[in-house]
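Let me begin by presenting the structure, written as structure tokens, before commenting on it.
Lettering follows sequence order; numbering is per chain, from 1.
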There are 2 protein chains.
Amino acid sequence: MTHTKENYLKAIYHLDQNQEKISLSELGKKMEVSMPTVNSMVKSLQEKDWVIYQKYQPLQLTTKGKQKAALIIRKHRLTEMFLAQYMGFGWEEVHEIAEEIEHLQVDKFFDRMDELLGYPAVDPHGSPIPDKEGVVVAKSYVPLSEIEVGVQVRICSLVKSSKELLLYLNRKEIALGTELKIEKKEPFDKSILVRYQRPDKVMLSHEVAQLLLVELC
Amino acid sequence: MTHTKENYLKAIYHLDQNQEKISLSELGKKMEVSMPTVNSMVKSLQEKDWVIYQKYQPLQLTTKGKQKAALIIRKHRLTEMFLAQYMGFGWEEVHEIAEEIEHLQVDKFFDRMDELLGYPAVDPHGSPIPDKEGVVVAKSYVPLSEIEVGVQVRICSLVKSSKELLLYLNRKEIALGTELKIEKKEPFDKSILVRYQRPDKVMLSHEVAQLLLVELC
DNA sequence: CTATAAAGTTAGATTAGTCTAACAAATTTT
DNA sequence: AAAATTTGTTAGACTAATCTAACTTTATAG
């Protein structure tokens, strides 16, 4: 198993989460390689029994492939948590560093992180950390955009966390665990007005509200 | 710069510390590759201006190559220190893990380690950590085997630290910083009797005593 | 329902790192 | 100094991951 193949597997896994049908061109875009490269890589992943692929048909992950991918994601998210909790990195910095560290083969290192962190269930963006068997236990949260006026909720996760979003939330002093109350919803642009541990009410766009996953509290 | 080339450079650097003349066959042995592989790799290192090599002549590191190597060793030793100080790994475990981590490209990570550790000068085996410019400031210690009877010394470093040696020292409760007094030297086998923070006197073989680097105290 | 566009495939080349087999040069042994 | 050994070199091949160019299949848009 090479770093490269690990990255393909991870990419396929993430595409798999969002849609069912995975095309080679999408994978190529995600991996930033040409079509012939994807094509030959997919063949070689198939030989390892991580994907199922037939000419001109959509790509599928095998159970084995899903597990393999989940174990890489486990390393990634444990690392992110460690970087945030033990090394003082911000949640907007950890992804990039974890992208490199996730490929280390030395299990001891990740096991120790896990232990030091007290076996965390989620990473600094609220995404679930798969267990050592590659099983993911994900809670189902609701986008903030779907909550009614007057309801009190807690931010638990993010749909996807770009650096830009994370820096924006930093500026607004919104973090995982922040509890907020919907004060008003603007029908025209679907923006919402919320109140939390700050003197003033804050306006959040529909775009942002769709990305914040919350639970009632 | 690939991981592979980094490892060659490191190997050459270490050979360079012990002898002046570096042969391709030695390098091959150290890297566990065949002669033709070494041969072609050396040519490609030469193109990058990290070594000087002429057919049938001994291999030499350039200044640039030495610096490059020292920066990798910096990452290695900083990592070892971090693993020991922050993650609770034993000094016999850190080398193996650091061998993988030293190749990460993300400087932030090493800079943060350095900061958290308070800019350490040595790793958990007493080896000096090169600075960010690749400059090594090494103190010159003396092997314990050369110390006279009655003298009090402090263990500061190891000539080379195999896992076996480190586990042996663990059993004898000898660590960096341990202060000991030479009670007796046996002329026949050059073994020495020492006393330190333990009730009984301890016998150390000449072999071990040669590997322990000390300073007077 | 054909024509164009998009997606996928094949063929062939390249680079990095490795190997074995065969040979050549240098060194050591007798 | 000749023979034997070690060390180094060359040639040629292989795998992984990538590419471009040319072609084919499938999907889409009139």
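- Relative ring orientation between A/His3 and B/His3 is described as perpendicular, the plane-to-plane angle rising above 60° on a 0-90° scale split at 30° and 60°.
- The phosphate of D/dA17 has OP1 or OP2 within less than 4.0 Å of a side-chain N or O from A/Lys5.
- Atom CG of residue B/Asp123 and atom CD of residue B/Gln85 lie 10.5 Å apart, to the nearest 0.5 angstrom.
- Comparing A/Thr2 and B/Asn39, the nucleotide of DNA chain D nearest to each residue sits closer to the 5' end for B/Asn39.
- Taking every side-chain heavy atom of B/Met41 into account, C/dG17 is the closest of C/dG8, D/dG8, C/dG17.
- Among the atoms of the strands shown, none is found under 4.0 Å from any heavy atom of A/Lys29.
- Under 4.0 angstrom from either OP1 or OP2 of C/dA16 there lies no side-chain N or O belonging to B/Tyr8.
- In this structure, the CD atom of B/Gln54 is 14 Å from the P atom of D/dG8, given to the nearest Å.
- The nearest whole Å value for the distance from the CD atom in A/Glu6 to the P atom in D/dA16 is 15 Å.
- The residues B/Glu26 and B/Lys29 are annotated as not salt-bridged, no charged nitrogen and carboxylate oxygen being separated by less than 4.0 angstrom.
- Look at NZ on A/Lys30: it is 19 Å from C1' on C/dA7, rounded to the nearest Å.
- Distance CE/B/Met87 to CG/A/Leu116: 5.5 Å, rounded to 0.5 Å.
- Residues B/Met35 and A/Met35 both approach DNA chain D. Their nearest nucleotides, taken by heavy-atom distance, put B/Met35 toward the 5′ side.
- Between the CD1 atom of A/Ile22 and the P atom of C/dA7 there is a distance of 16 Å, given to the nearest Å.
- An OP1 or OP2 oxygen of D/dT10 is reached within less than 4.0 angstrom by a side-chain nitrogen or oxygen of B/Lys43.
- For the atom pair CD1 (A/Ile73) and CG (A/Leu9), the distance works out to 8.5 Å, reported to the nearest 0.5 Å.
- Residue A/Ser34 is in base contact, counting any heavy-atom pair closer than 4.0 Å across all strands shown.
- The side-chain contact (heavy atoms from CB on, under 4.5 Å) test with A/Ser191 is passed by exactly one of A/Glu186, A/Lys185, A/Glu207, A/His206: A/Glu186.
- Base engagement by A/Thr37 is indicated by at least one non-hydrogen atom pair under 4.0 Å involving a base atom.
- In this structure, A/Lys55 does not reach the C/dA7 phosphate: none of its side-chain N or O atoms is under 4.0 Å from OP1 or OP2.
- We find that NZ of A/Lys21 is positioned 14 Å from C1' of D/dA27, with the value rounded to whole Å.
- To the nearest angstrom, C1' of D/dA17 lies 15 Å from CD of A/Glu32.
- For B/Pro36, the side-chain atoms get nearest to D/dA11 when compared with the rest of D/dA11, D/dG8, C/dG8.
- Atom pair B/Met31:CE and C/dT18:P shows a separation of 7 Å (rounding to whole Å applied).
- The nearest whole Å value for the distance from the CG atom in A/Leu9 to the P atom in D/dA17 is 12 Å.
- Each of D/dT18, C/dA26, D/dT20 was ranked by its minimum atom distance to the side chain of A/Val33; first place goes to D/dT18.
- Nearest-nucleotide mapping onto DNA chain C: of B/Lys48 and A/Tyr53, the residue sitting toward the 5' end is A/Tyr53.
- Among the heavy atoms of the strands lying under 4.0 Å from A/Ser40 is at least one base atom, whether or not backbone atoms are also near.
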